[in-house]
Amino acid sequence: MLVTTSIEPPTRAELLHLYHEMLLIRRFEEQCNALFLQGKIPSTLHLYIGQEAVAVGVCSALRPDDFVLGTHRPHGHALAKGVSSRSIMAELFGKVTGCCKAKGGSMHVGDMAVGMFPAIAIVGANAPIAVGSALSAKMRGTQQVTIAFFGEGGSNEGAVHEAMNMAAIWQLPVLFICENNLYGASTPISQVVAVENVADRAAAYGIPGVIVDGNDVLAVQEATRIAVERAREGKGPTLLECKTYRLCGHSRSDACNYRTRDEEAEWRDKDPLVRLSRYITEVAQLATAEEIAQVAEEVEAIMQDAINFAEESPEPQPEEALLHVFWEGN
Amino acid sequence: MLVTTSIEPPTRAELLHLYHEMLLIRRFEEQCNALFLQGKIPSTLHLYIGQEAVAVGVCSALRPDDFVLGTHRPHGHALAKGVSSRSIMAELFGKVTGCCKAKGGSMHVGDMAVGMFPAIAIVGANAPIAVGSALSAKMRGTQQVTIAFFGEGGSNEGAVHEAMNMAAIWQLPVLFICENNLYGASTPISQVVAVENVADRAAAYGIPGVIVDGNDVLAVQEATRIAVERAREGKGPTLLECKTYRLCGHSRSDACNYRTRDEEAEWRDKDPLVRLSRYITEVAQLATAEEIAQVAEEVEAIMQDAINFAEESPEPQPEEALLHVFWEGN
Amino acid sequence: MPEMTIAEALREGIREEMRRDPSVFCLGEDIGIPGGFGGAFTVTLGLSDEFGHDRILDTPISEIGIAGVAIGAAMTGMRPIADVQYGDFLFCMMDQLANQAAKMTYMSGGTVKVPLVMRAPVGSTRRGSQHAQSLEAFFTHIPGLKVLAPSTAYDAKGLLKSAIRDDNPVLIFEHKLLYGSKGGRSEKGALTAVGEVPSEDYVVPIGKGVVRRTGKDVTIVGKLLTVYRALEAAQELAQEGIEAEVIDPRTLIPLDKEIILESVRKTGRLVVVEEDNITHGWGAEIAAMVAEEAFFYLDAPIKRVAAPDTPPPFAPPMEAFYVPSTARVVSAVKSLF
Amino acid sequence: MPEMTIAEALREGIREEMRRDPSVFCLGEDIGIPGGFGGAFTVTLGLSDEFGHDRILDTPISEIGIAGVAIGAAMTGMRPIADVQYGDFLFCMMDQLANQAAKMTYMSGGTVKVPLVMRAPVGSTRRGSQHAQSLEAFFTHIPGLKVLAPSTAYDAKGLLKSAIRDDNPVLIFEHKLLYGSKGGRSEKGALTAVGEVPSEDYVVPIGKGVVRRTGKDVTIVGKLLTVYRALEAAQELAQEGIEAEVIDPRTLIPLDKEIILESVRKTGRLVVVEEDNITHGWGAEIAAMVAEEAFFYLDAPIKRVAAPDTPPPFAPPMEAFYVPSTARVVSAVKSLF
Ligand SMILES: Cc1ncc(C[n+]2csc(CCOP(=O)(O)OP(=O)(O)O)c2C)c(N)n1
Ligand SMILES: Cc1ncc(C[n+]2csc(CCOP(=O)(O)OP(=O)(O)O)c2C)c(N)n1
Ligand SMILES: [Mg+2]
Ligand SMILES: [Mg+2]
């Protein structure tokens with residue numbers, strides 16, 4: 001099943017909002033890279049550049065009280081779900097104002113107050129936890145939907161298999177979003193998955209397996225909406241594969257010599273941000289290039305604020321390491 | 001793909017051999033039950049009664065140097081692969097002459113000299129090990145095939161998913177034989193698998209998923225032969241689902257109150273031994289009832305010998321517990 | 001007060017907490033199927049009659065999934081009690097327990113809680129190496145987990161209730177030979193740890209050990225089955241004039257260090273008894289802690305009585321050699337005088 | 001003799017053994033992809049050029065599978081060297097290591113062997129809780145495994161070669177801050193453990209510790225990175241007139257007990273230093289062993305310097321607090337005088 005953009009066209013406000021969200025992620029990640037090189041971010045980093053349409057497409061189809069579980073590459077997931085850019089940036093800087101009080105770092109950003117679980121850096125391990133969250137929503141009767149993001153590489157983990165099976169037999173409100181960016185670190189999908197699409201694996205669980213252009217935010221949003229509706233109606237999980245590409249290294253200082261410059265150029269032409277801005281200005285003609293530039297300025301202001309906030313926030317005291325091993329109350 | 005019995009009819013000798021093998025397993029398991037009740041077998045027991053056509057059908061299609069990995073219910077696998085009934089019985093009795101020198105017990109019987117790995121009682125854990133064995137055969141260029149048995153319940157383990165995927169991408173000579181006996185302990189398959197057939201899961205790996213009547217030894221043998229041939233030709237793994245039923249409790253003293261007497265009766269009518277003997281005497285008319293009874297006598301003699309051997313063998317010295325933590329040579 | 005086995009006491013504890021709090025539920029393999037086993041050792045037998053199959057939730061054979069589901073449910077308002085049929089299978093879900101459940105509160109800077117309970121049977125019972133291990137030491141070494149080891153029916157119910165109400169991941173280790181399960185699930189060599197268990201609501205606080213026998217000459221620390229071995233040894237020793245104090249920590253993490261230290265300060269001698277392999281076992285920490293914190297009170301080397309460094313063997317003579325006996329405790333104590 | 005980093009020494013060790021024995025091969029995630037990383041810390045970089053992709057085998061992200069495949073191959077005539085990108089992921093394959101690899105020879109009554117090597121990086125390096133743990137203690141408690149922890153380039157190559165030739169499952173823990181990996185994989189805060197490494201064939205025997213510094217006043221036992229912390233501490237202490245003996249066991253299982261006991265019999269004082277969480281850590285066994293076997297030689301309590309009982313925190317100030325510093329070793333030693 002291939003989903004294309006819905007007939008009902010999105011409004012100008014919606015479109016500009018999506019663009020805003022995606023650009024925020026892009027700029028956040030670009031700044032992270034620069035700040036890392038300046039030595040201000042002590043952490044390792046897995047950036048989300050190129051995949052913005054997935055997180056934003058998915059999260060824009062959710063209710064605020066729905067849940068998201070991210071991966072080792074979670075900044076995009078967290079920003080799209082509404083975690084403040086200040087608190088993420090502060091976390092990366094290792095400051096106490098960080099969303100995890102500087103205990104987590106890049107790979108564990110999250111904020112349960114906005115439905116974003118602390119991200120999980122063990123590939124695939126978030127999937128069964130997402131199923132538990134969905135089970136809980138069903139038991140509590142809240143109709144909340146839970147999202148588990150994972151990569152095509154992660155789809156080979158046993159944890160993901162167990163999770164999809166359990167979600168299927170109990171018809172739980174959970175969406176498995178596979179971000180197929182063609183590589184797991186240096187490893188191309190063709191070497192580690194024998195089927196054409198990760199979505200084909202849905203057949204093992206009797207759940208819908210949907211493929212979508214992961215660089216088309218409207219397509220991702222639409223596919224997610226359909227799956228979310230199913231889930232809220234108690235019809236169970238969906239495996240949604242978003243075909244995309246990481247327009248950056250796997251982690252800091254990866255020269256990407258395991259892939260060709262041609263392939264990268266091809267995908268740069270499909271840059272989800274460029275595509276959306278073209279769609280807005282040229283196809284839908286709902287905003288001008290100047291208005292798009294206006295969004296960029298807003299984003300820049302948010303970014304600068306986040307960086308300032310992070311810079312000015314205090315570092316934790318060393319002994320704070322001893323806190324929060326166990327729950328200490330709100 | 002449903003496999004039915006091949007056109008080429010088996011010979012009288014072949015048929016009597018299959019019957020002999022199956023009856024040996026049946027009688028072995030019945031005796032185990034009795035000996036357990038008499039207090040002679042100290043171990044827990046998972047018996048193979050009702051599933052004999054699977055182990056015998058599969059193993060009769062193998063070369064002696066092929067490998068088999070069994071489960072927590074391994075007596076049938078071991079006997080069919082050629083582990084001596086003496087050494088298995090002695091193992092169950094906890095005697096030093098046992099195939100594992102009384103260190104393993106019922107759930108770990110095996111004998112690498114005849115290609116039977118020590119059985120593995122962690123559900124699903126044998127599958128990746130079987131893949132390693134197949135990889136090794138490919139590397140060593142031996143054309144040996146490896147068999148991993150597991151139940152429909154075990155198919156929900158992450159280990160099995162990882163194993164099938166790895167076997168598929170590397171096109172390894174391994175067969176995943178799912179013995180679908182409808183229950184995992186007390187749990188019916190309908191509650192834990194959302195697809196109709198476990199074989200449907202082959203679609204997730206791009207490998208053949210074959211379904212066969214697991215109570216028809218000739219059908220199992222034929223399906224195995226096809227898969228083995230593929231494997232030896234370097235065309236990769238097959239997932240073969242054998243539909244069968246356990247005509248006994250899950251483990252010692254299980255009253256099977258989670259299933260109906262009607263269902264049991266239905267399956268008793270499909271008893272693989274009765275079916276094979278009827279086929280031999282009535283359909284193929286290659287042997288008489290007397291000749292079948294003759295096989296039974298032979299089997300009885302083997303059984304008696306195995307029991308005598310086990311009874312008369314010495315128990316290990318307590319301190320032998322300290323041996324063989326590490327490899328001590330042949 | 002009614003008398004109960006540990007299996008019954010656990011069952012009643014679950015029942016009372018499930019009645020009290022709708023967010024409590026059980027999940028695991030074969031725990032609630034009608035006509036089934038009620039878990040590997042009958043603890044949940046019959047509970048699905050009262051609570052239905054949504055709250056006594058039978059799962060696929062998917063240990064990673066069971067643990068992960070418990071974590072996700074716990075983080076979003078539920079209080080799952082997960083069941084693993086044999087402790088040995090905890091290794092299959094080790095990542096979920098060690099990397100996820102135990103670290104989630106910490107990694108989030110204390111902003112999320114994971115109130116889950118995981119119950120696991122341990123002990124060697126003629127089933128061979130993969131159904132016999134004592135795994136406590138693996139989990140007492142994971143910061144973020146609480147670890148309980150009740151040896152009586154009273155403690156089993158009271159600690160389980162504390163665990164369910166606790167806002168952290170709690171592992172409860174239960175010994176197969178102490179359950180007192182009946183019928184098909186009764187175990188050869190089992191002790192009947194039947195005891196009085198109040199019908200009214202009570203809890204046993206997490207983190208408090210108990211002196212099972214007082215004595216002035218030597219301190220013996222045991223847990224689960226080895227508490228009973230220690231008590232038997234103490235009786236024998238008394239006949240030879242050695243009065244042993246027997247301590248049952250009940251909670252392994254957090255440990256009631258003071259109850260052990262106080263005893264050692266009095267007796268000057270320590271023997272730790274456990275069923276697990278000796279090297280890098282649970283007893284090592286007890287010994288190391290005392291060797292640091294009560295060193296100047298010690299009159300003799302610290303002895304550990306434990307299984308040798310082998311996997312659990314199957315055959316009864318070897319298994320009996322593997323599992324620490326009362327006689328071995330007695331002789332370890334005597335070697336200190 | 002050429003000078004090498006530990007990463008280089010390990011690479012040369014693998015290369016020589018793969019040349020010598022066609023049954024040796026490597027498997028793991030991202031170990032051989034052209035243009036890739038050569039493993040998370042460059043150890044296998046370039047090896048696929050010489051040995052091809054069948055013998056430097058890139059796997060899916062499937063840790064259970066990696067371990068299982070290594071076991072199955074090892075049991076049928078091959079000698080796999082498996083790679084895990086971060087030690088923390090060993091928890092994902094714990095069942096295969098603890099229940100299968102470690103027990104297979106035993107459960108089979110000594111009839112099968114499992115000659116596999118598993119390499120795992122440990123240590124806290126600003127990556128947060130799930131990429132930082134020191135997991136040695138989990139594996140030193142599993143009978144049937146051998147466990148190595150080389151801290152120099154010479155030992156890394158020599159022990160790796162011994163491990164590959166050993167007929168048992170061997171885990172090698174490598175410290176991220178000692179690799180000396182260059183370029184994109186260089187680590188903040190790394191020590192450069194460059195050392196002379198013979199080009200000719202040699203092995204370092206499994207089970208033999210080494211005295212890194214002799215001294216008469218106190219014994220300090222460290223491993224991996226903490227060997228260097230201990231040596232730094234010894235230098236500081238020497239200025240105050242305390243001569244510390246520093247012991248690097250190199251092999252954790254089987255342990256060279258005698259080298260430790262001999263030292264303690266001489267010095268009468270013991271401090272154990274490790275990067276892992278203190279409670280039920282590796283150091284507990286060293287302390288317990290000495291408290292039993294050299295009790296009457298001890299003049300002071302046994303001290304352990306280790307991480308506190310928390311998951312590894314991310315932010316540098318907290319991480320620096322977590323990882324034992326030289327200063328903490330110095331003050332632990334001084335507290336014994
Ligand atoms: C269990 C586990 N194994 C390995 C890793 C190391 N690792 C981190 S990211 C990564 C690649 C993940 O690939 P994919 O799932 O496709 O996600 P992507 O990085 O492409 O977003 C690997 C191997 C890990 N974090 N966890
Ligand atoms: C990892 C693991 N989980 C649970 C068990 C307990 N157990 C033993 S057999 C069994 C049922 C297995 O069902 P299935 O795979 O269908 O095989 P069958 O028993 O029907 O032959 C269970 C749950 C186990 N041995 N290992
Ligand atoms: Mg990817
Ligand atoms: Mg079954």
Side-chain angles (χ1 to χ4, degrees), chain C residues 63-64 88-100 102-103 106-107 128-130 133 137-144 252-253 255 272 276-296 298 300-304 307-314, chain D residues 63-64 88-100 102-103 106-107 128-130 133 137-144 252-253 255 272 276-296 298 300-304 307-314:
Chain C
E63 284 75 18
I64 307 172
D88 314 69
F89 311 159
L90 291 174
F91 286 139
C92 298
M93 52 171 89
M94 195 77 177
D95 169 67
Q96 288 291 335
L97 296 174
N99 282 333
Q100 317 306 334
K103 296 182 172 51
Y106 192 78
M107 296 194 307
S129 293
Q130 295 180 338
Q133 294 164 86
F138 292 95
F139 295 94
T140 51
H141 186 50
I142 301 174
L252 309 185
I253 298 288
L255 180 71
V272 189
D276 198 2
N277 306 114
I278 188 160
T279 300
H280 293 281
W282 173 80
E285 174 62 33
I286 308 302
M289 186 269 290
V290 169
E292 175 160 0
E293 301 188 26
F295 177 77
F296 293 109
L298 284 172
I302 299 171
K303 283 268 172 194
R304 290 174 287 163
D309 289 328
T310 80
F314 158 62
Chain D
E63 284 75 19
I64 306 173
D88 313 68
F89 312 160
L90 291 174
F91 287 139
C92 298
M93 52 171 86
M94 195 77 177
D95 168 67
Q96 288 291 335
L97 297 174
N99 283 333
Q100 316 305 335
K103 296 182 172 52
Y106 192 78
M107 297 194 306
S129 293
Q130 295 180 337
Q133 295 164 85
F138 292 95
F139 294 94
T140 49
H141 185 52
I142 300 174
L252 309 184
I253 298 288
L255 180 70
V272 189
D276 198 1
N277 306 113
I278 188 160
T279 301
H280 293 281
W282 173 80
E285 173 63 31
I286 308 302
M289 186 269 290
V290 170
E292 175 159 1
E293 300 189 27
F295 177 77
F296 293 108
L298 283 172
I302 299 171
K303 284 268 172 194
R304 289 175 287 163
D309 289 327
T310 80
F314 159 61

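Convention: sequence-line order gives letters A, B, ...; per-chain numbering from 1. Both backbone and side-chain heavy atoms feed into the values below; hydrogens, waters and symmetry mates do not.
- Across all non-hydrogen atoms, the minimal contact from L252(D) to L255(D) is O-CB, 3.5 Å.
- Proximity to chain D (any heavy atom under 4.5 Å) is restricted, for Y106(C), to the side chain, taken from C-beta onward.
- Residues T140(D) and I253(D) share a closest heavy-atom pair of O-CD1, 3.5 Å.
- A search for side chain to side chain donor-acceptor pair (under 3.5 Å) contacts involving Q130(C) returns Q100(D), not counting sequence neighbours.
- In terms of heavy-atom pairs under 4.5 angstrom with chain C, the leader among M93(D), K103(D), H141(D) is H141(D).
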Exercise answer: donor-acceptor pairs, residues 283-292 of chain C side-chain atoms, under 3.5 Å, sequence neighbours excluded:
{"unit_1": "E285(C)", "atom_1": "OE1", "unit_2": "H280(D)", "atom_2": "N", "d": "2.7"}
{"unit_1": "E285(C)", "atom_1": "OE1", "unit_2": "R304(D)", "atom_2": "NH1", "d": "2.7"}
{"unit_1": "E285(C)", "atom_1": "OE2", "unit_2": "R304(D)", "atom_2": "NH2", "d": "3.1"}
{"unit_1": "E292(C)", "atom_1": "OE2", "unit_2": "K303(D)", "atom_2": "NZ", "d": "3.2"}

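- Listed options A300(D), A294(D), P308(D) were ranked by heavy-atom pairs under 4.5 angstrom with chain C; first place goes to A300(D).
- At least one side-chain heavy atom of F139(D) sits under 4.5 Å from a side-chain heavy atom of L90(D).
- Only the side chain of F296(C) comes within contact range of chain D, with heavy atoms under 4.5 Å apart.
- Most heavy-atom pairs under 4.5 Å with chain C: of the set W282(D), F138(D), F89(D), this distinction falls to F138(D).
- If you measure heavy-atom distances from I278(C) to chain D, the contacts under 4.5 Å come from the backbone alone.
- For Q133(C), the part lying under 4.5 angstrom from a heavy atom of chain D is the side chain only.
- N99(C) places a side-chain N or O within donor-acceptor distance of the main-chain N or O of D88(D), the cut-off being under 3.5 Å.
- Contacts between F295(C) and chain D at a heavy-atom distance below 4.5 Å involve the side chain alone, from C-beta outward.
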